[in-house]
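Protein chains get the first letters and strands the later ones, always in sequence-line order, with residue 1 at the start of each.
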2 protein chains.
Amino acid sequence: MTSSTMGPTRQKRATIVDVAHHAGVSTASASKVLRNAYGVSDAMRERVQASMDALGYRPHRPARGMRGQTFTVGMMASDIENPFFSIIADGITSVLKTENYELLISTGGYDSASQNASVDALIDHQMDGLILIAPVVSGADLERIARDIPLVVVGRHSSSAALDSVSGDDDLGSALVVDHLVELGHRRIAFVANHQDQLEPDRPESVRLAGFLGAMDRHGLGGEAVVIDSRWSLEGGREAARIADTLEHPPTAVVAGADVTALGMLSELWETGRSAPAAYSLAGYDNSRTSSIGPIALTTVDQSGFEMGQAVGRLLLERISGRTESTHLLLEPQLVPRATTAAPAV
Amino acid sequence: MTSSTMGPTRQKRATIVDVAHHAGVSTASASKVLRNAYGVSDAMRERVQASMDALGYRPHRPARGMRGQTFTVGMMASDIENPFFSIIADGITSVLKTENYELLISTGGYDSASQNASVDALIDHQMDGLILIAPVVSGADLERIARDIPLVVVGRHSSSAALDSVSGDDDLGSALVVDHLVELGHRRIAFVANHQDQLEPDRPESVRLAGFLGAMDRHGLGGEAVVIDSRWSLEGGREAARIADTLEHPPTAVVAGADVTALGMLSELWETGRSAPAAYSLAGYDNSRTSSIGPIALTTVDQSGFEMGQAVGRLLLERISGRTESTHLLLEPQLVPRATTAAPAV
DNA sequence: TTGAAAGCGCTAACAG
DNA sequence: CTGTTAGCGCTTTCAA
């Protein structure tokens with residue numbers, strides 16, 4: 001550790017008044033040029049633009065927000081650790097930047113209270129719109145938030161009239177996995193459920209479980225479906241693997257609900273000298289980057305997060321522009337078969 | 001996709017004027033209570049507090065920012081995919097919330113220009129301070145930014161008088177890995193370097209490489225040190241593995257510089273029917289979550305991100321409070337030996 | 001200890 | 001098409 005001294009020499013930034021002076025016009029005109037507003041001559045536009053460039057002018061967002069828009073949208077996610085969130089964010093950004101909007105991200109944690117606080121903070125910052133990634137807040141909370149600010153929710157199978165939603169078709173995703181396993185010859189198949197916050201039926205956890213059960217029924221295997229109650233996390237996956245070992249009629253295949261859960265199961269298997277698909281076939285959900293790594297090679301479901309993000313960005317911009325009818329999109333997932341699923345040992 | 005209609009019914013939020021009216025005091029007094037400022041009677045404080053609670057008052061950040069502070073700090077990271085960033089962010093948040101500061105995150109991408117733009121956006125939002133995670137911008141840029149706003153940089157071994165920095169002791173980290181490998185009996189050891197943006201010598205890439213070479217020298221193995229030029233990414237790791245296969249005197253151990261690089265190498269090995277440590281011992285850096293998963297079990301170096309984040313938060317709050325001497329912290333890393341390193345085949 | 005008034009940088013009426 | 005003016009919600013002098 002080292003130390004030294006220096007007095008900071010902050011220099012004041014150029015304001016719209018400076019620009020107006022420099023260009024010899026009124027601040028109102030400068031503002032109009034800035035906003036690309038109607039009713040400015042080409043000559044005026046050019047002069048003001050030149051002055052802005054010359055002064056290195058950058059508009060002060062809070063000041064803009066006090067009267068009009070901040071041209072910034074906020075995104076709330078439980079954490080910034082989930083690679084899937086990163087891909088969605090990339091998709092969102094790619095759309096937003098075409099309209100010169102910024103994206104600012106706030107981490108909301110894992111419970112309803114702290115996520116609500118995080119949303120409030122974003123609203124307090126005068127965001128023009130909000131994106132909530134797989135929020136755990138109640139449906140009523142979502143309605144309330146949507147009354148205050150344009151809102152798009154990702155990962156909730158909402159049908160609310162007040163907001164837009166975008167999610168993967170988790171029902172279909174589960175079915176794809178079940179079809180794949182049944183085709184390989186499996187009959188007794190388990191699903192690892194996320195017990196925590198099972199309350200909201202429009203959450204992916206619930207829909208994937210329902211999709212699994214429905215698909216099993218369609219194959220006439222309703223009686224062979226096993227549900228393992230655990231949590232969708234690395235540790236939850238480990239626990240699920242331990243539970244699987246205690247089952248009287250052990251499954252020959254396990255649908256993990258989420259990649260991270262499957263990875264936990266792989267870890268537990270590895271620690272007891274076993275592996276998938278030798279112990280049992282194993283499938284995840286999300287096509288996370290880790291799932292593609294050689295020694296893992298996890299069969300999973302891809303959700304095309306980038307396209308999802310693009311849709312989210314587009315919808316939010318539309319809402320900000322005044323659209324009030326709600327739109328709810330369900331994007332088609334894709335099975336990604338890899339090495340952890342195979343025909344059952346006879 | 002479904003659709004329906006509903007007119008939004010935005011209700012106006014309570015302002016400090018509403019609070020003042022409700023409490024029967026001046027806005028100036030209400031403001032003083034809000035800011036916990038000096039010179040308010042207990043009676044005044046209580047009345048105003050009660051009114052704030054009654055009205056559900058939440059201060060409008062942009063408005064605060066126009067005259068004083070926003071009580072919000074911005075964090076720039078290349079993306080939000082790196083689990084290490086998430087842990088650092090948690091550490092930062094844990095400190096900030098004790099002082100009622102918010103953290104807002106902006107993704108800056110991977111090149112200097114877009115990171116600078118991202119930083120500008122944060123400044124335009126009137127953040128009270130900035131945290132840059134492993135930025136790729138030039139040292140001169142950092143100095144410039146630090147002149148405008150309190151700044152803490154993570155992952156640059158800076159000695160600038162204008163800003164604070166916190167990073168892991170990458171020199172020591174590399175040495176720990178080399179010591180470990182030499183102790184196992186390895187002599188010919190390779191390091192995978194991140195060729196991209198090698199320009200700034202205070203970046204971890206450079207320091208880890210130098211640390212590797214220095215440690216090899218100390219062991220009298222300077223002549224056995226091999227440097228493989230690639231990139232620190234999954235694909236870069238795959239390429240590094242292919243390069244390693246072409247070497248005339250192949251190393252018995254590889255120091256990958258970063259976990260993600262090591263994972264790419266593991267993938268490439270797996271695809272050619274090999275593995276570590278059978279093909280060669282392999283160590284990463286970062287102790288990412290993936291490295292701990294059973295079938296991976298990657299030997300790596302832990303950087304204690306949470307503590308790092310706490311230090312960052314503390315330093316930034318100090319800077320915001322007016323400290324001007326710079327502080328540069330180097331945190332001690334820890335070797336995490338796992339299954340990918342072993343004695344060389346004789 | 002409290003309050004009145006000015007002003008932060010910008011946008012939105014409205015006049016000219 | 002351009003300029004003048006008021007005011008967004010808050011903090012900060014400065015008087016009382």
Side-chain angles (χ1 to χ4, degrees), chain A residues 10-49 51-52 55-72 100 120 123-128 148 320, chain B residues 10-49 51-52 55-72 100 120-121 123-128 148:
Chain A
R10 312 259 146 86
Q11 62 172 331
K12 58 213 166 306
R13 46 190 289 160
T15 74
I16 204 168
V17 177
D18 299 328
V19 171
H21 276 174
H22 187 275
V25 302
S26 72
T27 59
S29 299
S31 173
K32 280 188 182 166
V33 172
L34 177 61
R35 287 173 291 133
N36 249 313
Y38 182 79
V40 271
S41 65
D42 287 352
M44 167 75 80
R45 184 178 314 284
E46 275 176 37
R47 277 176 62 191
V48 173
Q49 270 305 355
S51 296
M52 285 179 172
L55 298 176
Y57 171 73
R58 299 202 316 258
H60 191 258
R61 304 253 175 183
R64 300 190 83 172
M66 298 230 45
R67 293 296 288 177
Q69 301 179 236
T70 53
F71 295 95
T72 307
N100 282 313
D120 284 347
I123 292 176
D124 294 346
H125 274 280
Q126 185 84 323
M127 299 291 166
D128 292 341
D148 286 343
I320 291 174
Chain B
R10 313 257 145 85
Q11 62 173 331
K12 57 215 165 308
R13 48 190 288 159
T15 73
I16 203 168
V17 177
D18 300 327
V19 171
H21 277 175
H22 188 275
V25 301
S26 72
T27 60
S29 298
S31 172
K32 280 187 182 166
V33 173
L34 178 61
R35 286 172 292 132
N36 250 313
Y38 182 80
V40 271
S41 65
D42 287 351
M44 167 74 82
R45 184 179 313 284
E46 275 176 37
R47 278 176 62 190
V48 174
Q49 269 304 354
S51 296
M52 285 179 173
L55 298 176
Y57 171 73
R58 300 203 315 262
H60 191 259
R61 304 252 175 182
R64 299 192 83 172
M66 298 229 44
R67 295 292 290 179
Q69 300 179 237
T70 53
F71 296 95
T72 307
N100 281 314
D120 284 347
I123 292 176
D124 294 346
H125 274 280
Q126 186 86 320
M127 299 292 166
D128 292 340
D148 286 343

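Each of A:Tyr38 and A:Arg67 was assigned the nucleotide of DNA chain D with the nearest heavy atom; the assignment lying further toward the 5' end belongs to A:Tyr38.
Between the side chain of A:Arg13 and the backbone N or O of A:Tyr57, no donor-acceptor pair lies under 3.5 Å.
C:dG9 atom C1' lies 14 Å from atom CD of A:Gln126, rounded to whole Å. The CG-C1' distance, from A:Asn36 to C:dT11, rounds to 15 Å in whole Å. Rounding to whole angstrom units, CE of residue A:Met66 and C1' of C:dG7 are separated by 12 Å. If you take NZ of A:Lys32 and C1' of C:dC10, they are 14 Å apart, rounded to a whole angstrom. Whole-Å rounding puts the A:Leu34 CG to C:dT11 C1' distance at 10 Å. In this entry the distance linking NE2 of A:His60 with P of C:dC10 reads 8 Å, nearest Å.
Minimum interatomic distance between A:Phe71 and A:Arg61 (heavy atoms only, all atoms of both residues): O-NH1, 2.9 Å. Closest heavy-atom contact between B:Arg47 and B:Gly24: NH2-O, 3.8 Å. When every heavy atom of A:Pro62 is checked against every heavy atom of B:Gln126, the shortest pair comes out as CG-CB, 3.6 Å. Scanning both residues, A:Asp18 and A:Thr15, for their nearest heavy atoms gives OD2-N, 2.8 Å. For B:Ser51 against B:Val19, the heavy-atom pair with the smallest separation is CB-O, 3.9 Å. The two atoms that bring A:His125 and A:Thr70 nearest to each other are O-CG2, 4.3 Å, heavy atoms only.
Of all nucleotides in DNA chain D having an atom under 4.0 Å from a heavy atom of chain B, the first and last in 5' to 3' order are D:dG9 to D:dT12.
Shown for residues 16-31 of chain A: residues whose heavy atoms fall under 4.0 angstrom of DNA chain D, namely A:Val25, A:Ser26, A:Ala28, A:Ser29.
Heavy atoms of A:Pro59 sit under 4.0 angstrom from primed sugar atoms or phosphate atoms, though from no base atom.
Phosphate contact (OP1/OP2 of C:dT11, side-chain N/O of A:Arg64, threshold under 4.0 Å): present. In this model, the phosphate group of C:dC10 is approached by a side-chain N or O of A:Tyr57 to a distance below 4.0 Å at OP1 or OP2.
Under 3.5 Å, the side chains of A:Arg45 and A:Ser41 contain no donor-acceptor pair of N or O atoms.
Considering only heavy atoms from C-beta on, A:Leu55 comes within 4.5 Å of A:His22 through its side chain.
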